[in-house]
Amino acid sequence: MSIWVLGATGRVGSAVTARLLDRGDDVVLVGRESGRLREMAANTGLPVIIADTAERIAAAIERERPAVVINTIGNYAESATVIARACLRGGGHYLDQAADLTAVPRLLDLHDEAAAAGSTLVTGAGFGVLATEAVVAALCEGRPVPAEVRVDALASVAVDDGLLGTALAASIIDVLVTGGRRYRNGRLVRSRLGAGAQLITLPDGEQAASSEAPSAELLAARRASGAPDVTATTAMMPASPVVRAVLPLTGRLLRLEPLRRFAIRRLAGTQVKAAPRPRTHSWGHAVVTWPDGTSREGWLRTGEAMDFTAAVATEIAARLARGEGKPGAHTPAAAFGPDLATAAGGRIITRP
Ligand SMILES: NC(=O)c1ccc[n+]([C@@H]2O[C@H](COP(=O)([O-])OP(=O)(O)OC[C@H]3O[C@@H](n4cnc5c(N)ncnc54)[C@H](OP(=O)(O)O)[C@@H]3O)[C@@H](O)[C@H]2O)c1
C-alpha cells in the first residue's frame, strides 16, 4: 500500500517522510530533479519519481495508482485539483496543506466526484485550518447554530537557514492578492487586510499579535459551525500599523500576473536566517457566540506549528491508507472529527 510524498525534499515533505518511515510505511519520494532529492533517496533507500509539474505528477499517479498521495508542493490553487483528480480516477486518496480561499474551495468542489469514486480528499491538512476548525467543532458539538464565530490561528514556527522557497512565497503573495475577507450574514465579503489587529494573551501567559487575513480557517469555521458571521485572524500577518497601511495597495499591484510571478520569484529567493520559534506553544483559538448572547471559548495547544502540520499529515495519511476516510472532499476535522487534532499531538481546552 504505497504512500507518495510530493515535494519530499521540502520542509513539510521531509518531515512527513521521516514520520512515515518511523511507522514503517511504504513511501515513494516524488519531486523535481535535484541533488537534494537524489541524496534523500540514497540515504533512505526509497524509490523516487521525478516530475516537475502538476500535470506530470498527475500522469504518474494515473499510471502507478498509489493508495495515498500527500501533496506538499504548494501553489495549490493551480496544482491541487489536477493532482486530486488523478488520485480519484485510480480510486486512491489525497491530502494537502492548502490554507487559502482559492485552493481550498476548489478542492472541496470535487466532493461529488470523489464520493462517486470512493476516494477521500482532505485539504487544509496542517496547523492552518485544523488548529482552529477542531476547536470550533468541539465547541459546537451537540449545540444549536451559533450567531458568530471568531478564530485565531497563532502558530509558533522555528525557521531554518536557507531560501524562503516558491511554495511559501506563493502562499504569502496570494494572501496579499486576495485581500481581507470575512463572513457577514452568511456571505463572504471584503474586509481590510490586517483589520482587527489584537494582542492576545495566551493561556500560558505569553502573548501573540494577530490580525485578519483571508485564510481557509474562515471557510472551515463557517462549515463547522454554520454561523452567519465569522472572522479569522492569524499571527502570520504582519501587525505593525505601517505594514497594514501599505498591504491593500501592494495587493492591488500584485493582481497583475507578471508582477505576481516576479514577486513570487523575488520572495522565494529571499535568504532566511535561522530563528527559534517565538513562543513555547502554537495555539488555535475560537470564540463562539449564540443568538441568546451565551458564548464559549476554546483553545488547541500544540508545540512548534510545522511539527504539528507534519504530524497531522502523517495521521491523516495513515487513516486513509487503512481505508478509514469517508468518501468525498473535506477539511480535516470534517473528515475525522476534532479528535484528529488530539491524535496529532494537540490538546483541546474548552471553557465553560
Ligand atoms: N496548512 C498549513 O498549516 C501549512 C503548514 C506548512 C506549510 N503549508 C504550505 O505547504 C506548502 C509546502 O510548504 P513547505 O514549507 O514544505 O515548502 P518547501 O519547503 O518550499 O517545499 C516544497 C517542496 O515541493 C517541491 N516542489 C515545488 N514545486 C514543485 C513542482 N512544480 N513539481 C515538483 N516539486 C515541486 C520543492 O522542490 P524544490 O526543492 O525543487 O524546490 C520542495 O521539495 C506551502 O504551500 C505552504 O504554504 C501549509
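From a predicted model like this one, the values you see are computed outputs, not experimental measurements. Just so you know, ligand 1 is whichever comes first in the structure, and atom 1 is the first atom listed for that ligand.
- Here's the thing with Ser171: one of its N/O atoms is less than 3.5 angstrom from an N/O atom of ligand 1.
- Using modelled atom types and a 3.5 Å distance limit, the side chains of Asn71 and Tyr94 yield a donor-acceptor pair.
- For the 3.5 Å distance criterion, the side chains of Asp152 and Gln198 qualify, holding a donor opposite an acceptor.
- Note: an N/O pair closer than 3.5 Å links Arg36 and ligand 1 by distance alone.
- Atom 48 (C) of ligand 1 has as its closest protein heavy atom Gln97 O, 3.2 Å.
- Residues Leu164 and Ile173 are members of one and the same hydrophobic cluster, defined by side-chain heavy-atom contacts under 4.5 angstrom among Ile, Leu, Val, Met, Phe, Trp and Tyr.
- Below 4.0 Å from some heavy atom of Ala51 lie the following atoms of ligand 1, by number and element: 32 (N), 33 (C).
- By the 30° and 60° cut-offs, the orientation of the rings of His285 relative to Trp299 is parallel.
- Ranked by closest heavy atom to atom 25 (C) of ligand 1, the top entry among Gly31, Gly7, Ala305 is Gly7.
- Judged purely by distance below 3.5 Å, without hydrogens or angles, the side chains of Gln207 and Thr201 pair a donor atom with an acceptor atom.
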Determine, stepwise, if the pair Ile83 / Val69 fulfils side chain to side chain contact (heavy atoms under 4.5 Å, CB included). CA-CA 9 Å; Ile83 294 170; Val69 169; 4.2 Å; yes

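- Under the side-chain contact (heavy atoms from CB on, under 4.5 Å) test applied with Val175, the options Thr234, Leu193, Asp100 reduce to a single match, Leu193.
- Distances shorter than 4.0 angstrom do not occur between any heavy atom of Phe308 and any atom of ligand 1.
- Looking at ligand 1, you'll find an N or O of Phe127 within less than 3.5 Å of one of its N or O atoms.
- When all heavy atoms of Ala232 and Glu217 are compared, the closest pair comes out as CB-CB, 4.4 Å.
- His281 and Glu206 are not linked by any side-chain donor-acceptor pair at a separation below 3.5 angstrom, with hydrogens and angles left out of the test.
- Looking at atom 19 (O) of ligand 1, its nearest protein heavy atom turns out to be Arg11 N, 2.9 Å.
- For the pair Gly128 and ligand 1, the shortest N or O to N or O distance falls below 3.5 Å.
- In terms of N/O distances under 3.5 Å, ligand 1 is approached by Val12.
- Thr331 and Glu133 share a side-chain donor-acceptor pair at under 3.5 Å.
- Contact between Val129 and ligand 1 is absent, with no heavy atom of the residue lying under 4.0 Å from the ligand.
- Among all non-hydrogen protein atoms, the one lying nearest atom 22 (C) of ligand 1 is Thr72 O, 3.6 Å.
- The distance from ligand 1 to the heavy atoms of Thr309 drops below 4.0 Å at these ligand atoms: 3 (O), 5 (C).
- Scanning all protein heavy atoms for the shortest distance to atom 43 (O) of ligand 1 gives Thr9 OG1, 2.7 Å.
- Taking every heavy atom of Ala99 and a limit of under 4.0 angstrom, the matching atoms of ligand 1 come to 1 (N).
- Considering each of Gly10, Ala167, Ser215, Ala313, the one bringing a non-hydrogen atom nearest atom 21 (O) of ligand 1 is Gly10.
- The shortest contact between atom 31 (N) of ligand 1 and any protein heavy atom is with Asp52 O, 3.0 Å.
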Between Val30 and Leu37, does the side chain to side chain contact (heavy atoms under 4.5 Å, CB included) criterion hold? Intermediate values first, please. CA-CA 8 Å; Val30 184; Leu37 186 56; over 6 Å; no

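- Contact check for Thr17 versus Leu29: side-chain heavy atoms found under the 4.5 Å cut-off.
- Among all non-hydrogen protein atoms, the one lying nearest atom 36 (C) of ligand 1 is Arg32 NH2, 4.1 Å.
- You'll find the side chain of Thr231 stays beyond 4.5 Å of the side chain of Tyr183, heavy atoms only.
- Close approach of ligand 1 to Gly126 (heavy-atom distance below 4.0 Å) involves ligand atoms 3 (O).
- Nearest protein heavy-atom neighbour of atom 11 (C) of ligand 1: Tyr76 OH, 3.6 Å.
- Given atom 6 (C) of ligand 1, the protein heavy atom at minimum distance is Met306 CE, 3.6 Å.
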